[in-house]
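Beneath this line is the structure, given in structure tokens, with notes to follow.
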Amino acid sequence: MDYLKIEEKWNKIWEETNLYKFDPNKLDKKFYLLEMFSYPSGASLHLGHWWNFGLSDSFGRFKRLQGYNVFQPMGFDAFGLPAENYAIKTGIHPEDSTRHNIELMEKQLRKIGATFNWEYELITCNPDYYKWTQWLFIQLYKKGLAYQKEAPVNYCPSCNTIIANEQVVDGRCERCDSEIIRKNMKQWFFKITDYAEELLSGLDKIDWPEKTKALQRNWIGKSVGAEVDFELENKKGKLTVFTSRADTLYGVTFLVIAPEHKLVKELVTPENKKVVDEYIANSIKKDEITRTSTTLEKTGVFTGSYVINPLTGEKVPVFVADYVISTYATGIVMGVACHDERDFDFAKKYNLKTKQVLTSKDGKEVKMPYCQYGKLVNSEEFNGLTSEEAKVKIVEKLEKLGKGRFKTNYKLRDWSVARQRYWGCPIPIIYCDHCGTVPEDESRLPVKLPHITDYKPEGEGPLGKCDEYMHTTCPKCGRPAIREADTLDTFVCSSFYQLRYPESLHNDKEIFNRDYVNKMLPVDCYVGGVEHATGHLLYSRFITKFLRDIGCLDFDEPFQRLFHQGMILGADGKKMSKRNTSKTADDYVNKFGSDALRLHMMFSLKYADGGIWDDAGIVHMKEFMERVERIVLKWGKLTGNVNNYGAAEKDLDYVLHNAIKEVANGYESFSFNTAVAEYMKLVNAMYKYDQNCEQINAKFAKDVAKNLLILMAPAAPHFTEELWEQLGEKYSIFNQHYPVCDESKIVLDEVEIAVQVNSKIVARMLVPTSADNTTILNIVKQDDKVRSQLDGKEVLKEIVVPKRLVNLIVK
RNA sequence: GCCGGUGUGGCGGAAUGGCAGACGCAUGGGACUUAAAAUCCCAAGUUCGAAAGGACGUGUGGGUUCGACCCCCACCACCGGCACCA
């Protein structure tokens, strides 16, 4: 078989006959399968793309055979730094290079022969798409969820832009590996923190890998505790701390405030000012150099001020120390030297007072610092309570005194969305001298990104240099006004694309139709890498919940099921790239065909784990296909009139129906390797039957051959379609229905059981599958070998595991 | 440090608590052939044994169970994430 020819042939026919067209009117059995769309980077498609798109496509084809109306759209996340950096490197305008790359990638993606619904293609840099990105921004702005504030941001001096927390890896830029600087800048944020609790609790109702849920939980970082107010000693005012260990409140011997905290200035007494200023200057510098080191010794300086413990009335000194983070909770921490590791180190270093307020629950002596829960001591009326009890009782008392309250904190920060770059979605905000900050009028959307030539990033949005873009009129008062020069983080663009896909064709009136989106979503299965766990996957959930709250849709979660593929790696164990693969996907396709490549990928590595690419087996996959071809063509054209259904037929039927069951299980769980193994087992059994039967039951054999083709269709689409035609069957194999497993065929009449006496196997025998436990025991006990083992001894206990094993325990 | 995951032959990898290593690669052998290629078949965890057969085997140590790769406890190694989060 000429694989290249048949691939070309069927790709063409499938396209011309619209075989995979999604029917928007048949939604009762729709299946929305989505693969994370990709950046149109300049490189040509490599094996990793085949791995990602080809294999999830096989899953889609399997669902199609099961009778689902599969919706599997494809598109491009076309804005953003990679596309722009590539453009800067090559000197070609981002728009031109992006369009060119999309064209190139699209052509190659089509070659995979995947059943993508290209007619729904989305490209995020198209005005008819980013119109809705801007619309979304405006809705968030109207609800107060898009806002500007002066905030410390991660600034990459090489890319000349602010980047999100998620894009900082070990204090470095994930793109260019430069050291990140912390800077205070006026920035646009989305208030994702408003949804922290729901983003957390929603995880319980979706079918996602535990790993990913754990990552998000960790990232959201819920911490239940209390706020406690400490009055200043000699002045009016108070310092509020957050603690999850209110049970240790009686043990507070100092307070620590973050160097960047606003109140530091007020706390510093004149005689301490010089030291404190120096310390702050130092720690801010340290921030830039080694922010992430946890082994760093705890340092700090005394401010000169004291506060009063609200319960004990004790005077407590206040320190500035950079082990306290200004952006988490209140930025002030109570120091309990005896019951916190860090506070202990700090107190020891500066010779501060310590006070033990906890002992172990069982009264054993404890070693300092004792950080576990225990029993309270030195805590007045709370003595004797457990930590768990005291955490509640103490805060209740503080509430009565008006000096504290229960409080829950989250590590999650608001989402920084502005980028000082050119190639992104323009922020639809206008600054008017009379009206202030005004969102663009929705009727004037999209705010088009101008085609400019000087797009090099220089710390401020390059759009600022484009007068025609910047100067506009205020949508409120009509007077001249200035536009926002920044563009949006691409994660904004990709936070709702799954909602827009179903209607990308025809709805230019609204972001999507409410009824229709409710029927099409959530996405039934979302496939993509785990690297987006705390980025895209969290943002999409947030935006979905927001759109629900403003009445655009009625569901809570965008992706019902999520599956992460593993990554396919080069010979050096590193991410696949041109450098570490000597052969491209095209090389393999040309030599063995795309079906063989796909089958080999499915079989040789676990989809969930990935691993190092090894092409050694691919030639054998081609041989396997030839093996299939020979037997299928032989059996499919048999004309004998033997109608016997004997032991051989029964055996083969067993293998077939077992395969029907296991192949389905394999696809459902993305265990493609075991699905392919089942094909091989079935083919082996067919050859055996072919050899061992003098006369072949032609009708039966034909049926097995056809079933094999249908089972294999998702894994080798062109190949099976061609054979299907050669058998004279009607176009197309993908209109067939996945065979039904006849359970009765995979139950054997007789089953071998092992008889154990005291856990030692003494005999093996055949018993009817239908026999119940009593019958089996009777048969067993009559057996000579068993009787001799029992030797008249009394049976204490009989265990019968149907179909497998009998165990007699004797005295 | 905390959270999550993984650990099975020379290799990729299978096993609702029930004959561990399916299926395949690499390996060895056989049939067909003048020969080779192609094709088809067989063997194969380790170890002792000529063989029949036995012993040991799923990172380590315990436990539950008639029975554990699988469940529980402790530990080790590797991978991933978070990391001074109060």
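Proteins come first, then strands; the chains are lettered A, B, ... in the order of their sequence lines, and each starts at number 1.
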Legend entry - Ring center gap for A:Y195 and A:W415 short of 6.0 angstrom: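 So the answer is no for these two rings.
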Inset, instruction - Could you tell me whether A:W51 and A:Y607 have their ring centroids closer than 6.0 angstrom? - result: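 Centroid separation for A:W51 and A:Y607: below 6.0 Å.
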Inset, instruction - Quick one: classify the glycosidic conformation of B:G9 as syn or anti, with syn meaning within 90° of 0. - result: syn
Describe the nucleic acid contact of [X] in one word from base, sugar-phosphate, nothing, applying a heavy-atom distance below 4.0 Å.
X: A:E341; value: nothing
X: A:L605; value: sugar-phosphate
X: A:D343; value: nothing
X: A:K606; value: sugar-phosphate
X: A:G300; value: nothing
X: A:R217; value: nothing
X: A:K211; value: sugar-phosphate
X: A:Y687; value: sugar-phosphate

Indicate every side-chain donor-acceptor pair of residues 247-258 of chain A with a distance under 3.5 Å to a residue at least two apart or in another chain.
unit_1	atom_1	unit_2	atom_2	d
A:D247	OD1	A:R245	NE	3.0
A:D247	OD2	A:R245	NE	3.4
A:D247	OD2	A:R245	NH2	3.0
A:D247	OD2	A:S387	OG	2.9
A:T248	OG1	A:R245	O	2.8
A:Y250	OH	A:E380	OE1	3.4
A:T253	OG1	A:K353	O	2.9

Any strand: nucleotide that pairs with [N] via Watson-Crick or wobble, under 3.5 Å:
N: B:U64; value: none
N: B:G4; value: B:C79
N: B:A35; value: none
N: B:U27; value: B:A43

Looking at [X], I'd like to know whether one of its side-chain N or O atoms comes within less than 4.0 Å of OP1 or OP2 on [N].
X: A:R627; N: B:C41; value: yes
X: A:Y323; N: B:A86; value: no
X: A:N658; N: B:A22; value: no
X: A:K688; N: B:C42; value: yes
X: A:H620; N: B:A26; value: yes
X: A:S223; N: B:A86; value: yes

Inset, instruction - Please evaluate the base of B:C23 for a donor-acceptor partner in the side chain of A:K681 within a cut-off of under 3.5 Å? - result: no
Inset, instruction - Output, in order, the C-alpha distance, side-chain angles, deciding distance and verdict of side-chain contact (heavy atoms from CB on, under 4.5 Å) for A:M712 and A:D595. - result: CA-CA 10 Å; A:M712 276 187 71; A:D595 289 346; over 6 Å; no
Inset, instruction - May I ask you to decide whether A:D690 forms a salt bridge with A:K634, counting only side-chain N to carboxylate O separations under 4.0 Å? - result: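 Result for this pair is yes, salt bridge flagged.
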Legend entry - Residue met sooner reading RNA chain B from 5', once A:E678 and A:N673 are mapped to nucleotides: A:N673
